[in-house]
Amino acid sequence: QVQLVESKGGLVQAGGSLTLSCTEPRRTINSFAMGWFRQAPGELREFVAGINWSGRSTKYADSVKGRFTISRDNAKNTVWLQMNNLKPEDTAVYYCAAHRSNDVPYTYEYWGQGTQVTVSS
């Protein structure tokens, strides 16, 4: 079983930045593809960004390209989502996810609890 723990989100003004982190305290996630998803009130959960096990391959939703960066450090067993130039429409609960894959999938097997990110205008 994989237990993912996200860092606390927060309240940010539009145009600001915030970085989320995700780790697994009990086992290595180095062989997993990792992803970030988000879900706004009344909306479906959507893919935000993903990274393969080595960090050499990434994918982004069109809505965040050029603003968000996913990265990982396998030595620290941690994945980050750097979010810049945040917009009110980025307000959502953000989820970390993991999946056994050599590529960057859009569906994931393991999920964190989620963390709230609120962007004020």
Side-chain angles (χ1 to χ4, degrees):
Q1 197 55 271
V2 175
Q3 181 179 346
L4 301 172
V5 179
E6 298 111 339
S7 59
K8 189 175 181 180
L11 174 63
V12 184
Q13 286 190 332
S17 298
L18 186 67
T19 299
L20 302 178
S21 66
C22 173
T23 189
E24 215 291 15
R26 305 173 305 165
R27 58 169 293 175
T28 179
I29 53 174
N30 295 351
S31 63
F32 288 80
M34 301 297 295
W36 287 95
F37 287 72
R38 66 186 181 187
Q39 187 169 19
E43 302 289 333
L44 296 175
R45 189 176 298 187
E46 64 173 356
F47 174 83
V48 174
I51 189 167
N52 78 327
W53 69 272
S54 68
R56 294 191 183 98
S57 180
T58 57
K59 292 180 181 177
Y60 295 92
D62 288 343
S63 59
V64 306
K65 280 182 182 176
R67 299 189 299 121
F68 290 14
T69 302
I70 187 171
S71 61
R72 69 188 300 163
D73 185 336
N74 286 340
K76 296 181 179 180
N77 210 40
T78 301
V79 177
W80 294 273
L81 183 68
Q82 171 71 41
M83 303 182 290
N84 297 326
N85 190 21
L86 282 160
K87 304 176 181 180
E89 51 264 43
D90 294 319
T91 295
V93 177
Y94 283 72
Y95 297 88
C96 177
H99 194 75
R100 300 179 190 274
S101 173
N102 291 326
D103 202 348
V104 182
Y106 289 102
T107 57
Y108 288 74
E109 183 176 7
Y110 302 104
W111 295 85
Q113 293 297 311
T115 187
Q116 177 70 45
V117 173
T118 302
V119 184
S120 63
S121 57

4.5 Å side-chain heavy-atom contact, [X] and [Y]:
X	Y	result
D103	S57	yes
Y60	T69	yes
Y110	R100	yes
M83	V12	no
N30	W53	no
R38	S63	yes
L11	Q116	no

### K65 and D62 ion-paired at < 4.0 Å
yes

Crowded around [X] [atom1]? As in, over 12 foreign heavy atoms under 6.0 Å?
X	atom1	value
R56	CZ	no
E89	CD	yes
N85	CG	yes

Which pair of non-hydrogen atoms, one from [X] and one from [Y], has the smallest distance, and what is that distance?
X	Y	value
R67	D90	NH1-OD2, 2.7 Å
G9	T115	N-OG1, 2.6 Å
A92	A40	CB-N, 3.8 Å

#### Entry: N52-S54 side chain donor-acceptor pair, cut-off 3.5 Å
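S54 and N52 do have a side-chain donor-acceptor pair below 3.5 Å.
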
#### Entry: Side-chain H-bond candidate by donor/acceptor type, Q13 with S120, under 3.5 Å
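No pair is found: no donor N or O on one side chain lies under 3.5 Å from an acceptor on the other.
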
Please tell me whether [X] and [Y] are part of a single hydrophobic cluster in this structure, the criterion being side-chain heavy atoms less than 4.5 Å apart.
X	Y	result
V64	V119	yes
L81	V2	yes
M34	W111	no
V5	V79	no
I29	W36	yes

### Message
Before you tell me yes or no, could you show the steps for R72 and I70 under side chain to side chain contact (heavy atoms under 4.5 Å, CB included), namely the whole-Å CA-CA distance, both residues' side-chain angles and the distance that decides it to 0.1 Å?
### Response
CA-CA 7 Å; R72 69 188 300 163; I70 187 171; over 6 Å; no

### CA sep, side-chain torsions, deciding dist, call: F32, E24, side chain to side chain contact (heavy atoms under 4.5 Å, CB included)
CA-CA 11 Å; F32 288 80; E24 215 291 15; over 6 Å; no

### Message
Going by the rule ring-ring contact (aromatic ring centres under 6.0 Å, His included), which residues pair with F68 if we only count those two or more places apart in sequence or in a different chain?
### Response
none

### With sequence neighbours excluded, residues passing ring-ring contact (aromatic ring centres under 6.0 Å, His included) with Y94
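Residues passing ring-ring contact (aromatic ring centres under 6.0 Å, His included) with Y94: none at all.
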
Calculate, to the nearest 0.5 Å, the distance between atoms [atom1] and [atom2] belonging to [X] and [Y] respectively.
X	Y	atom1	atom2	answer
L86	T118	CG	OG1	10.5 Å
I51	K59	CD1	NZ	12.5 Å
Q1	R27	CD	CZ	9.0 Å

### Query
Would you say the side-chain atoms of T78 pair up with the backbone N or O of T23, donor to acceptor, closer than 3.5 Å?
no

### Message
Strictly distance-based, threshold 3.5 Å: is any side-chain N or O of Q113 a donor or acceptor partner for the main-chain N or O of E6?
### Response
no

### Query
So, for Y108 and Y95, is the gap between ring centers shorter than 6.0 Å?
no

